2 protein chains.
Amino acid sequence: MLTIKEVTELTGIAAPTLRYYEKEGLLPHVKRNENGKRLYDEEDLSWIHFVTALRATGMPIAQIQKYVYLYKEGDSTISERKRMMLYHKKDIERSIRELYLNLDKINYKLALYDVLESQIERTSIKI
Amino acid sequence: MLTIKEVTELTGIAAPTLRYYEKEGLLPHVKRNENGKRLYDEEDLSWIHFVTALRATGMPIAQIQKYVYLYKEGDSTISERKRMMLYHKKDIERSIRELYLNLDKINYKLALYDVLESQIERTSIKI
DNA sequence: ATAAGAGATAAAGTTTACTTGAAGTCAAGG
DNA sequence: CCTTGACTTCAAGTAAACTTTATCTCTTAT
């Protein structure tokens, strides 16, 4: 069982953020010791990693809340949770496609700069 | 020359957002008619598209501001602008890589759901 | 004994990027 | 004439996700 400090060191997530996630219901069943201090086990860690992956891919807190709520409901919600993940997967794939398209525009801009620079170079040589 | 309404229809960007971008200095040389109403030409449109691409790839307003400021400085800032774009390109590539990594985690979760569902199915058949 | 250090809660504050609202201008249509 | 519609500006409001602050408790080292 890990303290909150150990978890921040392991995950790079700030302690207030971990408390905030828990308060918002994103981290089910985090235990406490006799003094009320948080204790994280392996399962908590994998929840943290999962939530982090969802956040990093742009899923809003509110939607993760809903997911965890369904998880707590038990096996009867498996198909709905799967649907949420499938939908989110499509979202990520769309984001990636858009990033590639916009990356093309940046690359085009960079190509223009290359032309500009070589023009400037040639001009300088002439002088 | 296009009115702001025509530009919103063409680009899907709300008029207040266009005004906001202009006020923040992201859109250089947008002209006005004799009554002070905005008129956009082809160059303005391509600035709008460019700014949109930068925003969509996560560049903060403040950094775009800096870029446009350099642009206004003239040719002497070309290499710095190019450096900004190169750096941003690396950023986008990093984002894409991270999205792929996190997509893998989501796919792993989905695979787990497939196993779970087939287990449930088999259990039901037994009953 | 007591002061430091880790952790807790609750509430307020911050940041970023817009968005909305209030109030005014101006040309055109009934 | 005067109202409607499409603008304008400036200021204030909003949403999301944290982050900071204030205050309190408890264990531990001096």
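In this text, all values refer to a predicted model and were calculated from it rather than measured experimentally. Residue numbers start from 1 in every chain, and the chains themselves are labelled A, B, ... in the order their sequence lines are given, proteins ahead of strands.
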Item to check | Counterpart residues, side-chain hydrogen bond (donor to acceptor under 3.5 Å, both in side chains), relative to A/Gln65 (two or more places apart) | outcome: A/Glu24

Next on the checklist: Quick check on the helix from C/dA1-D/dT30 to C/dG30-D/dC1: what's the angle between its two end axes, five base pairs per end, to the nearest 10°?
Outcome noted: 30°

Checklist entry - Has B/Asn35 got a side-chain N or O lying under 4.0 Å from the OP1 or OP2 atom of C/dA27? => result yes

Next on the checklist: Using every non-hydrogen atom in the two residues, find where B/Arg55 and B/Pro60 come nearest and quote the distance to one decimal.
Outcome noted: NH1-CA, 4.1 Å

Item to check | Close side-chain approach of B/Leu27 to B/Asp44, heavy-atom, < 4.5 Å | outcome: no

Item to check | Pairs touching residues 52-98 of chain A that satisfy ring-ring contact (aromatic ring centres under 6.0 Å, His included), sequence neighbours left out | outcome: A/Trp47-A/Tyr71, A/Phe50-A/Tyr67

Item to check | B/Ile64 CD1 - C/dC18 P separation (whole Å) | outcome: 9 Å

Do any N or O atoms of the protein come closer than 3.5 Å to N or O atoms of nucleotides 2-5 of chain C, and which pairs are they?
none

Checklist entry - What residues join B/Tyr108 in its hydrophobic cluster, counting side-chain heavy atom gaps under 4.5 Å, either direct or through other members? => result B/Leu112

Item to check | Gap between atoms CD1 and P, on B/Ile13 and C/dC18 respectively (whole Å) | outcome: 9 Å

Checklist outcome for this item: Atom OH of B/Tyr40 and atom P of D/dA6 are separated, to the nearest Å, by 16 Å

Next on the checklist: Output one letter per nucleotide in nucleotides 9-19 of chain D: B when a protein non-hydrogen atom lies under 4.0 Å from the base, S when only the sugar-phosphate is that close, - when neither is.
Outcome noted: B-------BBS

Checklist outcome for this item: From CG of A/Asn33 across to P of D/dT25 the rounded distance in Å is 17 Å

Show which side-chain atoms of residues 95-104 of chain A pair as donor or acceptor with protein atoms under 3.5 Å away, not counting sequence neighbours.
residue  : atom : partner : partner atom : Å
A/Ser95  : OG   : A/Asp91 : O            : 3.0
A/Asn102 : ND2  : A/Glu98 : O            : 3.2

Checklist outcome for this item: Hits for side-chain hydrogen bond (donor to acceptor under 3.5 Å, both in side chains) against B/Lys82, two or more places apart or cross-chain, chain-then-number order -> A/Asp114, A/Glu117

Next on the checklist: In this structure, how many angstroms lie between the P atom of D/dA6 and the CD atom of B/Glu6, rounded?
Outcome noted: 12 Å

Next on the checklist: At less than 4.0 Å, is any side-chain N or O atom of B/Thr3 found next to OP1 or OP2 of D/dA6? Yes or no.
Outcome noted: no

Next on the checklist: Can you measure B/Leu26 atom CG to C/dT16 atom P for me and round it to whole angstrom units?
Outcome noted: 14 Å

Item to check | Partner set under salt bridge (Lys or Arg N to Asp or Glu O under 4.0 Å) for A/Arg38, not counting sequence neighbours | outcome: A/Glu22

Checklist outcome for this item: Taken in chain and number order and not counting sequence neighbours, the residues that satisfy side-chain hydrogen bond (donor to acceptor under 3.5 Å, both in side chains) with A/Glu93 are none

Checklist outcome for this item: Hits for ring pair (Phe, Tyr, Trp, His ring centres under 6.0 Å) against A/Tyr113, two or more places apart or cross-chain, chain-then-number order -> none

Item to check | side-chain hydrogen bond (donor to acceptor under 3.5 Å, both in side chains) against A/Lys89, all qualifying residues, sequence neighbours excluded | outcome: B/Asn107

Checklist entry - Rounded to whole angstroms, how far apart are CG on B/Leu54 and P on C/dA17? => result 12 Å

Checklist entry - Rounded to whole angstroms, how far apart are CD on B/Gln63 and P on C/dA17? => result 10 Å

